[in-house]
Every structure is written in structure tokens, then in C-alpha cells.
Amino acid sequence: MIDLKSIHEMWANDCVIDPNELDKSSREQPILHAKYLELLSTYKLQLKRAEFSQKSLLKDKWLYYNGKMDQQRVQELGWEIDPFDGLKVLKGELDYYYDSDPEIQKSEEKIQYFKTVIDTLTDIINNINWRHQTISNIIKWKQFESGN
């Protein structure tokens with residue numbers, strides 16, 4: 001899968017409109033749209049997968065932190081038997097443990113990454129959708145410069 005940096009690099013090349021080949025830029029618009037739409041739909045599916053995965057993780061962590069998960073499952077997951085190292089923790093304090101849990105943080109980071117990629121691709125597609133207007137403005141500017 002293409003990462004965000006690669007998408008930025010691709011767009012840096014694809015966004016260029018050669019003022020001497022406006023017809024070519026106009027013909028490329030649907031191709032660019034298809035290219036970035038495919039990436040967008042792929043990342044939307046990846047985001048959904050990551051969100052579903054996180055929901056399962058959060059359920060497991062809830063069971064784990066509330067002492068409702070059996071020891072065999074805890075060992076299968078490779079987690080410590082006692083998440084609190086012998087401390088007595090109030091239910092109101094569990095959010096601190098959820099927020100600082102490395103696996104939950106990693107899952108949330110992945111979701112935020114996918115959302116950032118989706119936002120970037122959405123902006124790129126919006127730019128492509130209005131590309132014809134940019135080309136039209138370039139033509140009008142050339143006409144103005146030539147005295148028409």
C-alpha cells in the first residue's frame with residue numbers, strides 16, 4: 001500500500017499543469033481522478049478494517065482491565081497477568097490505563113493515519129474536480145496577455 005509521503009510525491013508531479021499543453025492536462029483529468037479515487041476507496045476500506053479491529057481490541061482490554069478475562073486468554077495475548085502491578089484501581093481511574101495502553105495507542109494512531117490519508121486524497125480529488133476551472137483561467141490569462 002502506498003504511504004502518505006508517496007501520495008504527496010505523486011501529487012506534486014500530477015498537480016503540475018503545463019501551460020503549453022493545456023489540452024493534454026485536460027485529457028489527463030479523468031485519469032488522475034480514477035487514480036486517486038482508487039486510492040481513496042482503498043484507504044476508506046482500510047480505515048473501516050482498522051476501526052473494527054480496534055473495537056475488538058477495546059473489548060478485550062475492557063475485559064482485561066476489569067478482571068473479567070480468563071488467564072489462558074491473557075497468556076494467549078501475551079499480556080501481563082496483573083495489569084495494575086498489585087495496585088487497587090477505582091473504575092473511574094481505568095481511563096488513564098486505557099489512554100496509556102500501548103496497543104490501544106497504536107490502534108488509534110493507525111486510525112488517525114488512515115483518516116489523514118483520506119482527508120489528503122479527498123482534497124486532491126476536489127482539486128482534480130476543479131482542474132478544468134484552473135485550465136480555463138490559464139486560457140483566459142493567456143488571452144488577456146495577448147490582448148484579446
Side-chain angles (χ1 to χ4, degrees), residues 1-81 83 91-148:
M1 177 160 307
I2 299 173
D3 65 346
L4 184 59
K5 183 177 181 188
S6 297
I7 291 171
H8 285 154
E9 291 169 358
M10 284 184 342
W11 181 239
N13 292 327
D14 292 340
C15 75
V16 176
I17 298 175
D18 185 347
N20 297 319
E21 294 184 351
L22 295 176
D23 58 328
K24 179 182 174 192
S25 294
S26 183
R27 286 190 309 270
E28 288 176 347
Q29 184 173 347
I31 295 166
L32 290 174
H33 188 273
K35 174 182 176 179
Y36 289 99
L37 185 61
E38 180 182 351
L39 289 171
L40 178 62
S41 60
T42 300
Y43 270 98
K44 282 184 175 183
L45 290 173
Q46 291 289 353
L47 173 62
K48 278 295 174 198
R49 230 176 258 132
E51 287 173 340
F52 292 145
S53 177
Q54 185 181 49
K55 286 180 182 185
S56 293
L57 175 65
L58 289 173
K59 181 197 78 156
D60 285 344
K61 289 294 185 171
W62 183 87
L63 290 171
Y64 175 62
Y65 284 122
N66 284 287
K68 298 180 187 227
M69 183 178 279
D70 62 72
Q71 286 188 346
Q72 182 182 353
R73 178 74 174 139
V74 172
Q75 289 173 344
E76 284 175 14
L77 294 169
W79 298 343
E80 297 292 322
I81 298 298
K91 286 194 185 257
E93 298 171 336
L94 285 178
D95 284 342
Y96 296 113
Y97 288 89
Y98 293 131
D99 291 343
S100 64
D101 187 284
E103 290 180 55
I104 294 174
Q105 287 178 344
K106 186 177 180 182
S107 175
E108 186 60 33
E109 181 183 341
K110 186 175 184 181
I111 287 172
Q112 292 307 318
Y113 178 81
F114 287 144
K115 286 181 178 181
T116 301
V117 172
I118 288 169
D119 289 345
T120 300
L121 289 167
T122 300
D123 287 346
I124 289 170
I125 289 174
N126 286 336
N127 188 287
I128 291 169
N129 287 339
W130 286 97
R131 192 176 180 103
H132 69 282
Q133 188 64 41
T134 304
I135 293 170
S136 175
N137 288 342
I138 293 170
I139 292 170
K140 287 176 185 173
W141 182 252
K142 284 184 166 196
Q143 288 173 340
F144 174 76
E145 285 183 328
S146 68
N148 289 338

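This one's a predicted model, so the numbers in the text were calculated from it and none came from an experiment. The basis for the numbers below is simple: all heavy atoms, side chains too, and nothing from hydrogens, waters or symmetry mates.
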Inset, instruction - Could you tell me whether Asp119 and Lys115 make a salt bridge, using a distance below 4.0 angstrom between a side-chain N and a carboxylate O? - result: no
Inset, instruction - Decide, yes or no, whether a salt bridge links Glu103 with Lys106 under the criterion of side-chain N to carboxylate O below 4.0 Å. - result: no
Inset, instruction - For Ser53 and Arg49, indicate whether the former's side chain and the latter's backbone hold a donor-acceptor pair under 3.5 Å. - result: no
Legend entry - Plane angle bin for Tyr64 and Trp79 - parallel if under 30°, tilted between 30 and 60°, otherwise perpendicular: tilted
Legend entry - Lys35 atom NZ: more than 12 heavy-atom contacts under 6.0 Å: yes
Inset, instruction - For the residue pair Gln75 and Ile81, establish whether any side-chain heavy-atom pair is separated by less than 4.5 Å. - result: yes
Legend entry - Glu51, CD atom: more than 12 neighbouring heavy atoms under 6.0 Å: yes
Inset, instruction - Show your reasoning for whether salt bridge (Lys or Arg N to Asp or Glu O under 4.0 Å) applies to Glu76 and Arg73. - result: CA-CA 5 Å; Glu76 284 175 14; Arg73 178 74 174 139; 3.5 Å; yes
Legend entry - Ser26 side chain to Leu22 backbone, donor-acceptor under 3.5 Å: no
Legend entry - Carboxylate-amine/guanidinium contact Asp101 Lys61, below 4.0 Å: yes
Legend entry - Thr122 side chain vs Ile118 backbone, donor-acceptor pair below 3.5 Å: yes
Legend entry - Under 3.5 Å side-chain donor-acceptor pair for Glu109 and Gln105: no
Inset, instruction - Fit a plane to each ring of Tyr65 and Tyr97, take the angle between them on a 0 to 90° scale, and name the class: parallel (under 30°), tilted (30 to 60°) or perpendicular (over 60°). - result: tilted
Legend entry - Side chain Tyr98, main chain Ile104, donor-acceptor under 3.5 Å: no
